[in-house]
Amino acid sequence: MRIQSGRLHLGMAWKESISLKSYNTFGIDVSAAHLGEAQDMDQLAALIAEVPDRKQLLVLGGGSNVLLTQDVDRWVLLNRLGGIEQVREDKEHVWIKAGAGIVWHDLVLYAIEKGYGGIENLSLIPGNVGAAPMQNIGAYGVELKDVFEELEAWHIFDQELHTFGGADCKFGYRESVFKRNLKNQYIITSITLKLTKKPVFNVSYGAIESELKAQKVTETTLQDVSKAVIAIRQSKLPDPAQIGNSGSFFKNPVIPQKQFNRLKEQYSSMPGYVLSEGLVKIAAGWLIEQAGWKGYRSGDFGVHDRQALVLVNHGGAKGSDILDLSTKIMIDILEKFDIQLEREVNIY
Ligand code: FAD
Ligand code: NAP
């Protein structure tokens with residue numbers, strides 16, 4: 001606890017040797033050498049100022065896209081910066097700025113409640129707003145980049161706030177500059193999204209359309225789409241509160257059309273989605289299921305029995321067990337299909 005600018009900051013000191021079990025959705029029980037929580041920018045700057053080597057900082061939001069394979073001998077900073085505000089509007093759009101510590105789904109609910117379209121397909125993605133640009137979160141044919149205006153990020157070495165537009169973020173499929181060239185250099189503190197006052201619904205992806213039919217929806221609303229996405233997700237994906245997981249463990253691989261055609265001759269049911277320039281996206285979950293891994297279990301770790309793309313912790317798994325399992329799966333898929341899988345989850 002320390003006093004800055006006449007204000008009393010509660011709970012902003014670094015704590016030592018804290019279990020991270022409740023701070024990662026895999027539920028891996030490792031400890032952090034130091035753990036701090038920032039509710040506002042003053043606290044963030046003050047906490048960082050105390051870190052002797054800033055390369056040792058590790059920011060966490062909801063911990064829903066990390067696999068912790070050992071005790072974290074670092075300064076783990078929980079980003080809890082709040083606030084949602086409308087910063088601009090014109091006839092057709094509104095610009096909404098949200099603090100990095102806001103729960104992503106709360107921002108989705110806020111937009112739906114106000115009648116603003118653009119992120120309803122991204123309903124129920126776990127985690128916080130600040131991590132959304134990290135891998136350009138996406139689901140059901142929508143990605144963050146589709147509605148992204150800008151973000152603010154704190155440079156941990158210069159201790160300055162920088163603004164990044166869409167092009168600066170170099171968004172790709174589950175990718176951004178913050179996962180690559182600028183890794184470990186910035187803490188994202190807020191994002192601003194450009195949402196539409198006249199929603200255009202995107203329901204052709206996956207099972208949304210059939211779910212809307214099942215719900216007997218005739219005139220689609222933002223709420224309907226969100227509800228449909230939530231229903232599909234709940235029926236297919238394991239709830240981290242029940243079984244530890246970090247969602248899709250691997251990215252969907254993209255392969256040349258020629259290779260896809262060859263594989264298709266052998267595996268006629270293999271799904272493929274044509275992207276530009278003769279490239280085809282393959283469902284990694286299908287490959288893993290075909291290779292016989294779906295429902296695999298060894299002790300407390302394994303592959304989910306309804307969604308083969310999700311690796312799970314049934315209770316007392318170690319992060320290193322799950323990492324080893326992911327390596328075995330990658331080797332197997334390479335041998336069987338000549339396709340190199342890439343992990344989506346961030347490994348520490
Ligand atoms: P964390 O796990 O806390 O962090 C992820 C990475 O970002 C870490 O490297 C961390 O250091 C870094 N980071 C976090 N916050 C910041 C910050 N403020 N500044 C700088 N770096 C930061 N993802 C999708 O894209 N689509 C989905 O449909 C989807 N579904 C999921 C379903 C389930 C059941 C689960 C468990 C996960 C799913 N995910 C999905 C993955 C995950 O929810 C998202 O990637 C989410 O954005 C991670 O947010 P988080 O706050 O939990 O990030
Ligand atoms: P699904 O509908 O069973 O489809 C399997 C895969 O095929 C998906 O991964 C998706 O790729 C792709 N796909 C389906 N329809 C497509 C289309 N019309 N055009 C192009 N690609 C298509 O997938 P699911 O497992 O239930 O997941 C549904 C959505 O939620 C997907 O978008 C998925 O990415 C997202 N999700 C992500 C995570 C995560 O942790 N990253 C976890 C759960 C769900 P894409 O993944 O490229 O969309």
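Ligands are counted one by one from 1 in listed order, and the atoms in each one are counted from 1 as well. Along the sequence shown, the residues carry numbers beginning at 1.
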> Nearest non-hydrogen atom to atom 11 (O) of ligand 1 belongs to which of V59, V310, N24?
Replying inline: V59

> Is atom 21 (N) of ligand 2 less than 4.0 angstrom from at least one protein heavy atom?
Replying inline: yes

> Does ligand 1 have a heavy atom under 4.0 Å from the side chain of N128, from its backbone, from both, or from neither?
Replying inline: both

> Are any of the N/O atoms in Y140 less than 3.5 Å from those in ligand 2?
Replying inline: yes

> Which of the listed options, K281, R233, Q307, E344, holds the heavy atom that is closest to atom 11 (O) of ligand 2?
Replying inline: K281

>> Nearest non-hydrogen contact with atom 30 (O) of ligand 2 belongs to which option: S204, A139, A283?
In response: A139

> Between the candidates P126, G244, P238, which shows the shortest non-hydrogen contact distance to atom 46 (C) of ligand 1?
Replying inline: P126

> Side chain, backbone, both or neither: which part of Y348 comes within less than 4.0 Å of ligand 1 when only heavy atoms are counted?
Replying inline: side chain

> Nearest heavy atom to atom 15 (N) of ligand 2: which of W286, F249, Y273, F250 does it belong to?
Replying inline: Y273

>> How about CD on E113, more than 12 heavy atoms from neighbouring residues, nucleotides or ligands closer than 6.0 Å, or not?
In response: no

> Any idea which part of K179 is under 4.0 Å from ligand 1, heavy-atom wise: side chain, backbone, both or neither?
Replying inline: neither

>> Taking 4.0 angstrom as the limit and counting only heavy atoms of L237, give me the atoms of ligand 2 inside it, by number and element.
In response: 43 (C)

> Is R174 in polar range of ligand 2, meaning some N or O pair under 3.5 Å apart?
Replying inline: yes

>> Below 4.0 Å, non-hydrogen atoms only: which portion of Y186 touches ligand 1? Side chain, backbone, both or neither.
In response: backbone

>> Please classify the N245 to ligand 1 contact at 4.0 Å (heavy-atom distances, strictly less than): side chain, backbone, both or neither.
In response: both

> For P133 and F171, which heavy atoms make the closest approach, and how far apart are they?
Replying inline: O-CE2, 3.4 Å

>> For K264, I'd like to know if atom NZ has over 12 heavy atoms of other residues, nucleotides or ligands within 6.0 Å.
In response: yes

>> Minimum distance, heavy atoms only, to atom 26 (N) of ligand 1: which one of G101, A139, G138 is it?
In response: G138

> Is it true that the side chains of N261 and E265 contain a donor and an acceptor less than 3.5 Å apart?
Replying inline: no

>> Checking contacts here: is it the side chain or the backbone of I188 that comes within 4.0 Å of ligand 1, counting heavy atoms only? Could be both or neither.
In response: both

>> Can you tell me which portion of N65 lies within the under-4.0 Å heavy-atom range of ligand 1? Options are side chain, backbone, both, or neither.
In response: both

> Out of S64, A153, S176, A38, whose heavy atom is nearest to atom 43 (O) of ligand 1?
Replying inline: S64

